[in-house]
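In what follows, a single structure is set out as structure tokens and then discussed.
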Amino acid sequence: MTEPVSNEIVEQRLKNMEALREMGYRPFGRAFARSGRLADVVAAFEEGKPVRVAGRLTTSRDMGKSLFADLRDASERLQVYAMKNHLGEESYAAFKRLDLGDHIGVEGTLFTTRTGEKTVKIDRWELLSKALLPLPEKWHGLKDTDQRYRQRYLDLVANAESRQVFARRSAIIREIREYLCRLDFQEVETPMMQPQPGGAAARPFITRYEALDTRMYLRIAPELYLKRLLVGGYDKVFELNRNFRNEGLSRTHNPEFTMIEIYEAYSDMRGMKALVEAMVVHVAEKVMGTLKVGTDEAPINLTPPWREVPYRDLVKERMGNDWFALDKADMGRKADAAGVHIDPAWGEAEITQEVYSKLIEKTLQDPTFVTRLPAELVPLAKRCEDDPSVVDVFELVIGGKEIAPGYSELNDPIEQRKRFEAQAGEDAQKVDEDFLTAMEHGMPPAGGMGIGIDRLVMTLTGCDAIRDVILFPQLKPREG
RNA sequence: AGGCCGUUAGCUCAGUCGGUAGAGCACUUGACUUUUAAUCAAGGGGUCCCGGGUUCGAAUCCCGGACGGCCUACCA
């Protein structure tokens, strides 16, 4: 036991365990058949009905010859009542040796107390698991953020809000799956270990496959494999799973994060736009019961239709109509005056991008589709027919955060090669020949989209840190 | 990587001007047969994050370090 818990408390619990053992109780019991979860038992309440329930002891109110205690399981809290005359001397004495945090199984009958609380009067009980360490304090909960993440089980025991966030995360993911499956999308799994990472520009994690004596990468995106499936005849496909990016930690970044990518053949960016809007609205209504989400300080209204605005119009809105007529030096001066730090080596596109991400993106609170992004930022999308300097994509921003990019996917292998090469520069390794070969066999035109699930969960549940929506977020390892 | 803030009992937190280390919950003992943060009485529990310095005297002031949080930077 490495926990810094005082000896007094642990020794007392060990003593209680031994006392119970001597009274014939197994400290770590076996399966216990329940009538149902506590919530089911409460829902089907009938005065005098016999029930079998199990849970963790969370509080007790001892009144000498009888005591009330609360049991808790994943579903609910339920009060149990132990009476000396009813249980018998020995069983009652043993019950008093229980510690908060112990799991017990109870056989008893349902009744209602004077104050109207549904309660199980204990006929018999058994010890299912002894807790040797104490749980966090019962009504302030556990606040130490580091401990909440490192010992998430304590956070989950102590903090109902935390349990609710993860229940909602699960529900959000389930609703997304069901929504897409109803539309005949097929879920697939593609490699997480890839000989060549692609589909995004990010530093990958590197690992080694000993059997083949070869270097492998944890995927930064599934995109290039899903597009191979489009070549292979899939027309509605999605993958919902983890990506890995070898980057820093922040309020909105975890090195492994959950992403859904969705592709639909013969569709385009507009099809994806309609899909994501309808799907997010559906999920919010199902899981949150409302389209007004976010926090009190930063409310978000998801009511459709969502705003759509070209990237350049947003920039002009903020920086003036003449922005794109300015030369590099004037742009730099104007950006600097607006408080955006500019690297002198940057061109117009980079300055504009910096202005967008520093000044504009965070102001887009309600859902906004930012469209017609500069082509050099997006190597995997089709160009707009009326203006080849921009691509036919959207960037969905909600609550000031990028939630989902959507593309009219590039399906021209010759242009794809050029765009890869332009992006790769000297680093020829970045060109995925195997993917280009697939595309040369003919990839249908398609709409594609990725949604950052963690960020979507943050947006819907009103959490402002990605760590609050990931059960075991990445942390700096502790020294032993 | 830089700036700011924090670290005191198992948990949540006070601690004044530098003068014997505190509360609630949890724990122990006792009273109590319908309680609800049960109540009442008594008790045990401390490397005040670590190391150094100033001082008659440091949880408190100074220096260095560790750990954490927030912001900035990095980040498709």
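The sequence lines fix the lettering, A, B, ..., with proteins before strands; numbering per chain opens at 1. All heavy atoms count here, side chains included; hydrogens, waters and symmetry mates do not. Just so it is clear, the model here is predicted, and its values are computed rather than measured.
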*Under 3.5 Å donor-acceptor pair, A/H253 side-chain atoms to B/rC75 base atoms*: yes
*Can you check whether any acceptor in the base of B/rU35 is under 3.5 Å from a donor in the side chain of A/E117, or vice versa?*
no
What's the gap between [N] and [M] when it is taken at their [atom1] atoms, as a whole Å value?
N	M	atom1	value
B/rC67	B/rU29	C1'	39 Å
B/rA26	B/rG64	C1'	37 Å
B/rC25	B/rU20	C1'	26 Å
B/rG22	B/rG45	P	13 Å
B/rA38	B/rG24	C1'	15 Å
B/rC48	B/rA23	C1'	16 Å

*asked:* As an exercise, state the distance from CH2 of A/W323 to OG1 of A/T352, rounded to the nearest 0.5 Å.
replied: 5.5 Å
For [N], take OP1 and OP2 only and decide whether either is under 4.0 Å from a side-chain N or O of [X].
X	N	value
A/R150	B/rG68	yes
A/R61	B/rU39	no
A/Q12	B/rC27	no
A/R114	B/rU35	yes

Touch class at under 4.0 angstrom, heavy-atom based, for [X] against every strand present:
X	result
A/E395	nothing
A/P379	base
A/R467	sugar-phosphate
A/K15	nothing
A/R203	nothing

*Taking the side chain as every heavy atom from C-beta outward, state whether A/R77 and A/L71 have any pair of such atoms under 4.5 Å apart.*
no
_Any heavy-atom pair between the side chains of A/E239 and A/T190 that's under 4.5 Å?_
yes
Which listed nucleotide ([options]) is nearest to the side chain of [X]?
X	options	answer
A/N16	B/rU35, B/rG10, B/rU28	B/rU28
A/K358	B/rA73, B/rC11, B/rG68	B/rA73
A/T113	B/rU34, B/rA38, B/rC75	B/rU34
A/D146	B/rG68, B/rU34, B/rA26	B/rG68
A/P136	B/rU35, B/rC11, B/rC32	B/rC11
A/Y407	B/rC32, B/rG10, B/rA76	B/rA76
A/R245	B/rC32, B/rA76, B/rU12	B/rA76
A/P134	B/rA76, B/rG10, B/rC32	B/rG10

_For the aromatic rings, using the six-membered ring if either is Trp, is the centroid distance between A/Y311 and A/Y356 under 6.0 Å?_
yes
_A/Y92 and A/W125 aromatic centres sub-6.0 Å_ = no
*Complementary nucleotide for B/rG6 - Watson-Crick or wobble, under 3.5 Å*: B/rC67
*asked:* Pairing check on B/rC40: which nucleotide meets the Watson-Crick or G-U wobble criteria with it, both distances under 3.5 Å?
replied: B/rG30
*asked:* Go nucleotide by nucleotide along RNA chain B from the 5' end; which of A/A465 and A/T59 gets its closest nucleotide reached first?
replied: A/T59
*asked:* If we count only N and O atoms by modelled type, under 3.5 Å, do the side chains of A/N16 and A/K130 hold a donor and an acceptor together?
replied: no
*Does the side chain of A/W306 come under 3.5 Å of the side chain of A/T368 through a donor N or O and an acceptor N or O?*
no
*asked:* Between the side chains of A/R383 and A/E415, is the shortest nitrogen-to-carboxylate-oxygen separation below 4.0 Å, so that they form an ion pair?
replied: yes
_salt bridge (Lys or Arg N to Asp or Glu O under 4.0 Å), paired with A/K273, selected from A/E395, A/E308, A/E264_ = A/E308
_Within residues 64-75 of chain A, which residues have any heavy atom lying less than 4.0 Å from an atom of RNA chain B?_
A/G64, A/K65, A/S66, A/F68
